[in-house]
Amino acid sequence: MRLVLASASPARLTVLRSAGIEPVVRVSGVDEDAVAAALVDPSPAELVAALAVAKAEAVVAAVAGEHPDAVLVGCDSMLFGDGAVVGKPGTPEVAVQRWRRMAGGTGELLTGHAVLRLDGGAVRQVATGTKSTTVRFGEPTERELAAYVATGEPLAVAGGFTIDGLGGWFVEGVDGDPSSVIGISLPLTRRLLGEVGVSVVDLWTTTA
């Protein structure tokens, strides 16, 4: 059995590889705005969970023929703060604005997870869950913030920061699961795999 990661995120891929799994990667290409628009007043947790499910479901057809008995994992992350959820900044201007609001404060990084188990190429079981982790932000100087945004890193990541890249210089700490902040929670993914009858140790392709 293979684990299929329905994500283009290099950070999620690195987390899984470091934890002994070499996943098959299939990018979902889901229109996240369309999925969100179809929901009726979702909570932040419901939103990230729905997006994770949509991403996993989007790659079923592409995977079923080659890996008919795989498990598919979809993830979505957003930052919750000031009463709203935000995804990827997209532009330098938005990234700078968000960092100025976050600096010296905290935010809740929400990650939705969906695990779909295929049997004979068809989805037989689905398990979903979310993880919330508190992130404590530092206070970068204007020069540091300008230099960080200029690298392009914060533009394409949830909340506009990382803890495993250049953004780690400006994060004071994490209260909770750090792998979830990177993009995929190992403990939650293990639990969801268990719910569909798969032990994570059977997916290991490498060991320390």
Side-chain angles (χ1 to χ4, degrees), residues 5-21 23 25 27 32 36 42-49 51-52 55 73-114 129-192 208:
L5 177 63
S7 173
S9 167
R12 292 184 180 123
L13 179 58
T14 297
V15 169
L16 289 174
R17 282 176 169 168
S18 297
I21 293 177
V25 176
V27 180
E32 297 183 21
S43 68
E46 289 170 339
L47 176 58
V48 293
L51 287 167
K55 291 177 180 179
V73 177
C75 303
D76 188 79
S77 298
M78 290 191 175
L79 186 70
F80 180 69
D82 296 328
V85 289
V86 294
K88 302 166 185 174
T91 68
E93 293 76 18
V94 173
V96 168
Q97 291 170 4
R98 287 188 187 169
W99 261 100
R100 286 175 177 162
R101 289 196 301 268
M102 297 187 306
T106 63
E108 295 296 317
L109 198 287
L110 294 170
T111 303
H113 295 61
T130 60
K131 198 81 167 181
S132 176
T133 306
T134 299
V135 181
R136 291 178 278 115
F137 297 104
E139 298 184 67
T141 65
E142 285 297 311
R143 181 178 177 228
E144 289 171 335
L145 179 55
Y148 180 45
V149 172
T151 69
E153 180 186 89
L155 307 189
V157 291
F161 74 96
T162 65
I163 63 170
D164 58 330
L166 296 171
W169 294 102
F170 312 117
V171 174
E172 294 293 323
V174 172
D175 300 323
D177 173 17
S179 64
S180 181
V181 179
I182 296 172
I184 179 168
S185 168
L186 293 179
L188 177 56
T189 301
R190 183 180 68 84
R191 178 171 67 78
L192 296 178

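What you are looking at is a predicted structure, and each value in this text was computed from that prediction instead of being measured. We use all heavy atoms of the structure for the numbers below, so side chains are in, but hydrogens, waters and symmetry mates are not.
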How long is the span from the [atom1] atom in [X] to the [atom2] atom in [Y], to the nearest 0.5 Å?
{"X": "Leu79", "Y": "Leu110", "atom1": "CG", "atom2": "CG", "result": "8.0 Å"}
{"X": "Glu32", "Y": "Leu47", "atom1": "CD", "atom2": "CG", "result": "9.0 Å"}
{"X": "Ile184", "Y": "Thr189", "atom1": "CD1", "atom2": "OG1", "result": "4.0 Å"}
{"X": "His113", "Y": "Leu192", "atom1": "NE2", "atom2": "CG", "result": "7.5 Å"}
{"X": "Phe161", "Y": "Met102", "atom1": "CZ", "atom2": "CE", "result": "6.5 Å"}
{"X": "Phe80", "Y": "Thr134", "atom1": "CZ", "atom2": "OG1", "result": "11.5 Å"}

Work out which heavy atom in [X] is nearest to a heavy atom in [Y]; give both atom names and the distance.
{"X": "Leu13", "Y": "Pro23", "value": "CD1-CG, 3.5 Å"}
{"X": "Val48", "Y": "Ser77", "value": "CG1-C, 4.5 Å"}
{"X": "Cys75", "Y": "Gly183", "value": "CB-O, 3.8 Å"}
{"X": "Ser7", "Y": "Val25", "value": "O-CG1, 3.3 Å"}
{"X": "Phe137", "Y": "Gly107", "value": "CE1-N, 3.8 Å"}
{"X": "Val96", "Y": "Val149", "value": "CG2-CG2, 3.8 Å"}

Do [X] and [Y] have side chains that approach each other closer than 4.5 Å (heavy atoms only, starting at C-beta)?
{"X": "Trp169", "Y": "Tyr148", "answer": "no"}
{"X": "Pro187", "Y": "Asp177", "answer": "yes"}
{"X": "Val73", "Y": "Arg12", "answer": "no"}

Legend entry - Side-chain donor/acceptor of Glu153 to backbone N/O of Gly165, under 3.5 Å: no
Inset, instruction - Identify, with sequence neighbours excluded, every residue that meets salt bridge (charged side-chain N to carboxylate O under 4.0 Å, His left out) alongside Glu93. - result: none
Legend entry - Those residues that, when tested against Arg100, pass salt bridge (charged side-chain N to carboxylate O under 4.0 Å, His left out) (two or more places apart): Glu142
Inset, instruction - Please determine which of Val15, Leu186, Thr111 meets the side chain to side chain contact (heavy atoms under 4.5 Å, CB included) test together with Ser180. - result: Thr111
Legend entry - side-chain contact (heavy atoms from CB on, under 4.5 Å) evaluation trace for Thr162 with Ile182: CA-CA 7 Å; Thr162 65; Ile182 296 172; over 6 Å; no
Legend entry - Enclosure of Arg190 CZ (heavy-atom neighbours >12, cutoff 6.0 Å): no
